[in-house]
Number of protein chains: 2
Amino acid sequence: MAYLAWPDACPSVTYLKQPRGNGTLSGFFQTKPLENIHAGQAVFWEGDEASNAVQVVHGVLRLYRILHDGRRAIVGFAFQGDVRGVAFHGSYLYTAEAVTEAAVRRLSCRHLHNSAAEDLILRQEIFGAISNEMSQAQEQIVMLGCKSAEERVASLFLMIARKTTNLLADTVEIGVPMTRLDMADCLGLTIETVCRVVAKLKRMNLVSFTGRNHAIIHSVRALAHFAGDDLGLYATPSLAS
Amino acid sequence: MAYLAWPDACPSVTYLKQPRGNGTLSGFFQTKPLENIHAGQAVFWEGDEASNAVQVVHGVLRLYRILHDGRRAIVGFAFQGDVRGVAFHGSYLYTAEAVTEAAVRRLSCRHLHNSAAEDLILRQEIFGAISNEMSQAQEQIVMLGCKSAEERVASLFLMIARKTTNLLADTVEIGVPMTRLDMADCLGLTIETVCRVVAKLKRMNLVSFTGRNHAIIHSVRALAHFAGDDLGLYATPSLAS
DNA sequence: CGTTGAATTGAGAGATTTCAATCCATGTGG
DNA sequence: CCACATGGATTGAAATCTCTCAATTCAACG
């Protein structure tokens with residue numbers, strides 16, 4: 001096994017694609033105080049006025065909407081480095097809640113937009129963040145619209161791997177902090193189906209679990225194939241043709 | 001029946017919530033030439049550099065992604081007045097293709113963003129457009145993640161009604177320009193299931209069809225109830241408590 | 001009037017859910 | 001330190017929903 005990647009241990013891969021630390025958006029967030037969020041505590045609520053953008057410093061957030069009859073749809077997860085809430089003009093479209101202990105920084109949208117007026121780089125970074133959020137939503141739609149239960153569960157593990165490891169090796173260790181119910185509500189499945197599929201993935205030796213929240217993907221490529229994903233997304237430098 | 005609403009006959013309701021005509025974003029688009037798009041012709045392709053934002057002047061676009069094994073996911077439809085492509089930083093996340101004969105105007109994103117630097121109203125309108133697009137994507141995720149086939153089909157008809165009528169009355173006439181395959185690929189179902197559900201809606205007297213692309217929703221409220229939606233979204237002025 | 005592609009309907013198969021029972025990990029109190 | 005209680009996770013069996021495959025109907029068009 002080549003690379004250990006507990007969610008909090010390394011910056012998100014998607015985020016690394018943007019300038020980090022020295023980038024103005026990150027710089028802006030850096031000036032704001034670190035806010036610790038307990039597991040289960042909300043960062044913002046669906047329907048509230050979307051006055052702040054949030055950056056996840058560590059931990060994982062679940063983003064969800066509740067239907068009036070109580071059903072819950074998890075529209076996505078936010079990992080370390082992810083920025084959420086920039087794309088909302090009026091009110092938040094979902095509730096953001098800490099899965100584990102987490103920490104975030106908040107930034108006033110108005111302040112951000114005003115600063116963006118004078119700063120080209122910042123504008124680009126803001127649109128980059130919006131584009132990231134949009135991209136994740138599209139990914140979710142494709143998964144729910146086209147994929148089988150098995151493909152969905154595999155896709156979720158791969159998503160976690162992409163977000164929390166650099167995918168340098170074909171075998172990666174990932175943290176799976178969310179409960180089976182979280183996974184089910186995100187994948188449009190039931191808890192039981194998620195369990196059965198995970199059991200199957202274990203039987204097929206595609207993944208194994210060391211504790212409930214800690215998994216090893218034995219072959220990212222094989223799992224991606226199983227997920228019906230384009231392998232290009234997961235090609236590792238050493239394996240890429 | 002109170003209000004006729006063929007898709008091209010009146011401006012989109014969502015769009016009316018923003019200043020129209022005199023608003024700077026619309027104003028910008030107005031300066032651009034009208035581009036006629038034949039049915040089936042693409043406006044932009046997934047993966048192409050997202051250099052332009054597009055406003056639908058009339059007609060309907062289907063927005064879709066193709067998986068590498070050929071499956072198609074329609075991530076949404078764009079109706080008259082909708083603006084798409086503002087939220088993309090790098091490349092387009094989906095292909096946009098005319099369902100019917102349509103017309104659009106294009107606007108350079110770079111131009112738009114530069115102008116936005118000096119214009120507060122324009123900035124707000126841009127974020128409004130992004131927020132609209134994001135909102136539709138979230139809606140889609142909730143539908144695919146939580147709802148049954150029957151609820152999904154009903155939701156689609158209601159979505160069309162919301163986009164193409166003012167919902168002043170409980171009975172509305174809507175255009176359904178897309179094929180059953182389009183509907184199926186948007187709802188994560190098969191053609192046959194869509195057909196059966198539509199047949200059931202007809203049997204229940206919730207909708208009726210006058211021609212293949214033309215339906216009457218006999219009671220928006222009843223259909224919304226059937227769709228598992230919050231009735232508040234559809235309350236008509238006369239019916240609202 | 002025949003051809004074509006889309007839409008519809010039926011019957012059987014398959015995937016996922018539901019309901020129920022059991023297992024496991026964790027924390028708490030005695 | 002152990003027994004027990006608790007909530008999440010797992011597994012099984014039956015029910016249900018949706019899909020697949022096949023046949024038929026319908027509408028548009030040359």
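We name chains A, B, ... by the order of the sequence lines, and we start the count at 1 in each one. Below, all heavy atoms of this structure are taken into account, side chains as well, without hydrogens, waters or symmetry copies.
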Between [X] and [Y] (side chain of the first, backbone of the second, donor and acceptor by atom type, cut-off under 3.5 Å), is there such a pair?
X: A:Asp185; Y: A:Asp182; value: no
X: B:Asn132; Y: B:Ala129; value: no
X: A:Thr171; Y: A:His218; value: yes
X: B:Asp170; Y: B:Val220; value: yes

Problem - Base-contact (B) and sugar-phosphate-only (S) positions in nucleotides 7-12 of chain C, heavy-atom cut-off under 4.0 Å, - elsewhere - result: SBBBB-

Practice task
Check whether more than 12 heavy atoms from other residues, nucleotides or ligands sit under 6.0 Å from atom NE2 of A:His225, and answer yes or no.
Solution key: no

Problem - A:His38 NE2: over 12 foreign heavy atoms closer than 6.0 Å - result: no

N/O donor to acceptor pairs below 3.5 angstrom from side-chain atoms of residues 136-146 of chain A, sequence neighbours left out:
{"unit_1": "A:Gln136", "atom_1": "OE1", "unit_2": "A:Arg84", "atom_2": "NH1", "d": "2.8"}
{"unit_1": "A:Gln136", "atom_1": "OE1", "unit_2": "A:Arg84", "atom_2": "NH2", "d": "3.1"}
{"unit_1": "A:Gln136", "atom_1": "NE2", "unit_2": "A:Phe77", "atom_2": "O", "d": "3.4"}
{"unit_1": "A:Gln140", "atom_1": "NE2", "unit_2": "A:Ile74", "atom_2": "O", "d": "3.3"}
{"unit_1": "A:Gln140", "atom_1": "NE2", "unit_2": "A:Cys186", "atom_2": "O", "d": "2.8"}

Exercise for the section: With heavy atoms under 4.0 Å as the rule, sort B:Gly188 into base, sugar-phosphate or nothing. Expected result: sugar-phosphate

Handout entry: Least distance between heavy atoms, B:Ile160 atom then B:Gly175 atom
Key = CG2-O, 3.4 Å

Could you name each residue pair satisfying salt bridge (charged side-chain N to carboxylate O under 4.0 Å, His left out) that touches [range], not counting sequence neighbours?
range: residues 37-50 of chain B; result: B:Glu46-B:Arg65
range: residues 34-44 of chain B; result: B:Glu35-B:Arg106
range: residues 142-159 of chain B; result: A:Arg71-B:Glu151, B:Lys147-B:Asp229, B:Glu150-B:Lys200

Exercise for the section: Specify the residues of residues 62-75 of chain A, ordered by number, for which at least one heavy atom lies under 4.0 angstrom from an atom of DNA chain D. Expected result: none

Handout entry: Stretch residues 144-159 of chain A: residues that reach within less than 4.0 Å of DNA chain D through a heavy atom
Key = none

Practice task
Please state how far atom CG in A:Leu189 lies from atom P in C:dT18, giving the value in whole angstrom units.
Solution key: 11 Å

Exercise for the section: Compute the bend angle of the helix from C:dC1-D:dG30 to C:dG30-D:dC1 from the end axes (five pairs per end), rounded to 10°. Expected result: 30°

Handout entry: Charged N-O contact under 4.0 Å between A:Lys163 and A:Asp82
Key = yes

Completion exercise
So the contacted stretch of DNA chain D, first to last nucleotide with an atom under 4.0 Å from a non-hydrogen atom of chain B, runs from D:dT18 to D:dA27

All N/O donor-acceptor pairs, side-chain side in residues 188-197 of chain B, below 3.5 Å, sequence neighbours left out:
{"unit_1": "B:Thr190", "atom_1": "OG1", "unit_2": "B:Thr193", "atom_2": "N", "d": "3.3"}
{"unit_1": "B:Thr190", "atom_1": "OG1", "unit_2": "B:Thr193", "atom_2": "OG1", "d": "3.0"}

Fill in the blank from the handout: Sorted by chain and number, sequence neighbours left out, ring pair (Phe, Tyr, Trp, His ring centres under 6.0 Å) with A:Tyr92 holds for A:Phe44

Practice task
Can you sort out the partners of B:Tyr234 under ring pair (Phe, Tyr, Trp, His ring centres under 6.0 Å), two or more places apart, ordered by chain and number?
Solution key: none

